[in-house]
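What follows is a single structure, written as structure tokens, with notes after it.
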Amino acid sequence: MALEDIFARGILLKYLLPVVIVVVVIAFSRKKLHQLRMRLIAWIGNRFLKKMHKKIRNEKASVFSELKSQASKAKRPLQLLEIGSGSGMNFKNFPKGSEIICLDPNPYNKTYLQENLHLRNPDVSIKKFVVGFAESMPEVEDSSCDAVVCTLVLCTVRDVKAVLGEVLRILKPNGIFYFVEHVAARKGLFKRKLQNLINPLWKKMADGCNVNRETWNDIRQAGFSKVDLTDFDVHMFKTHTPGIYGKAVK
């Protein structure tokens, strides 16, 4: 073996190989940490969101009574998409026989969905579980759903307008979008100034949640033929924050 080859191999073993090993370990660790984080978020969501959804149970009851009326008129199982299905907090409100496409960015919510399906409403079925974001849902066909449901989700999406565009694409003619969301306080109020102040930190702490979005404007301007929207107060963290609930018809 030539002296140059021995020298080159020595350089490789001494300097390059350790660097490669470190890079691989870091990449592996990041992947594991990401998986651990997603598992933890799913676990926390399954426990914490029960309390959150109890705080909006009256508004959900009002919204989902309309969903049951829609199912009664259809006289067949509803084809339903839930955006940000989480661990299935809304299952108990869905009409009997509903076939649900569950969309969520966290793959570890699937286990909780299956568990809670039997606990909350065994009379509905999960047609499909899609791991993804609501800004783009190629797995869901055009004009394929009677209804789209979204509760406490539009605060966390990256692009509300893109999500609503996808909702319109997916809904059948005269299909209905049902929503319950917390939103920004009106401009000029002290509460709105406070929301704007805390939002950057809150967004990082609460997995992308924004407290100062004017979601009512986005829904009204999205292109629905009819929007019925009601304001209410959500009791969160010993204070009241503005909320909206209602339905929008394609």
Side-chain angles (χ1 to χ4, degrees), residues 37-68 70-71 77-134 137 140 145-157 160 163 167 176-183 206-211 213 215 230 232-237 241-247:
R37 176 177 174 272
M38 297 299 278
R39 286 181 183 273
L40 182 61
I41 289 173
W43 180 81
I44 291 173
N46 186 48
R47 291 176 174 271
F48 172 72
L49 286 180
K50 292 177 183 177
K51 295 181 179 180
M52 283 300 304
H53 279 259
K54 284 181 180 179
K55 297 179 185 297
I56 60 170
R57 60 182 178 272
N58 293 334
E59 291 71 30
K60 284 179 28 173
S62 177
V63 168
F64 291 126
S65 66
E66 294 287 329
L67 184 62
K68 292 174 182 177
Q70 185 184 2
L78 284 187
Q79 302 300 305
L80 207 160
L81 167 68
E82 181 169 13
I83 296 173
S85 53
S87 57
M89 298 296 169
N90 290 324
F91 280 163
K92 67 180 180 180
N93 298 291
F94 294 157
K96 183 177 180 179
S98 296
E99 297 176 354
I100 310 160
I101 298 174
C102 297
L103 179 121
D104 200 279
N106 192 334
Y108 298 104
N109 275 323
K110 186 175 183 179
T111 300
Y112 296 114
L113 281 170
Q114 296 290 352
E115 291 177 358
N116 291 326
L117 177 68
H118 300 294
L119 290 173
R120 295 194 174 100
N121 193 348
D123 294 323
V124 301
S125 62
I126 298 175
K127 184 177 181 179
K128 185 192 299 184
F129 176 72
V130 179
V131 179
F133 296 91
M137 298 181 276
V140 187
C145 293
D146 299 296
V148 176
V149 173
C150 182
T151 57
L152 303 179
V153 170
L154 293 180
C155 57
T156 63
V157 301
V160 178
V163 172
V167 169
I176 303 176
F177 173 51
Y178 299 92
F179 54 88
V180 183
E181 298 289 338
H182 70 83
V183 296
D207 197 34
C209 174
N210 293 270
V211 295
R213 282 188 170 170
T215 309
T230 302
F232 76 107
D233 283 333
V234 188
H235 185 66
M236 296 173 62
F237 309 109
T241 190
I244 57 171
Y245 69 90
K247 66 177 184 178

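Starting from 1, each residue takes its place in the sequence as its number.
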Do the side chains of [Y] and [X] get nearer than 4.5 Å, heavy atoms only?
X	Y	result
L78	L67	yes
T151	F64	yes
I126	F91	yes
L103	M137	yes
N90	E82	yes
F129	D104	yes
L152	V234	no
C155	T215	no

How many angstroms lie between [atom1] in [X] and [atom2] in [Y], if you round to the nearest 0.5 Å?
X	Y	atom1	atom2	answer
L81	K128	CG	NZ	10.0 Å
L154	N210	CG	CG	11.0 Å
T156	F133	OG1	CZ	9.5 Å
S65	Y178	OG	OH	8.5 Å
S62	I56	OG	CD1	12.0 Å

If every non-hydrogen atom of [X] is compared with every non-hydrogen atom of [Y], which pair is closest and at what distance?
X	Y	result
F179	K247	CE2-N, 3.5 Å
L113	G88	CD2-N, 3.4 Å
R120	S87	NH1-O, 3.6 Å
M89	K60	O-NZ, 3.7 Å
I101	V130	CG2-CG2, 4.1 Å

Side chains of D146 and Q70: is there a donor and an acceptor less than 3.5 Å apart?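 Side-chain D/A pair, D146 to Q70: absent.
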
Within the distance-only criterion (no hydrogens, no angle test), does the side chain of [X] pair as donor or acceptor with the backbone N or O of [Y] below 3.5 angstrom?
X	Y	result
E59	I244	no
D123	G97	no
N121	F94	yes

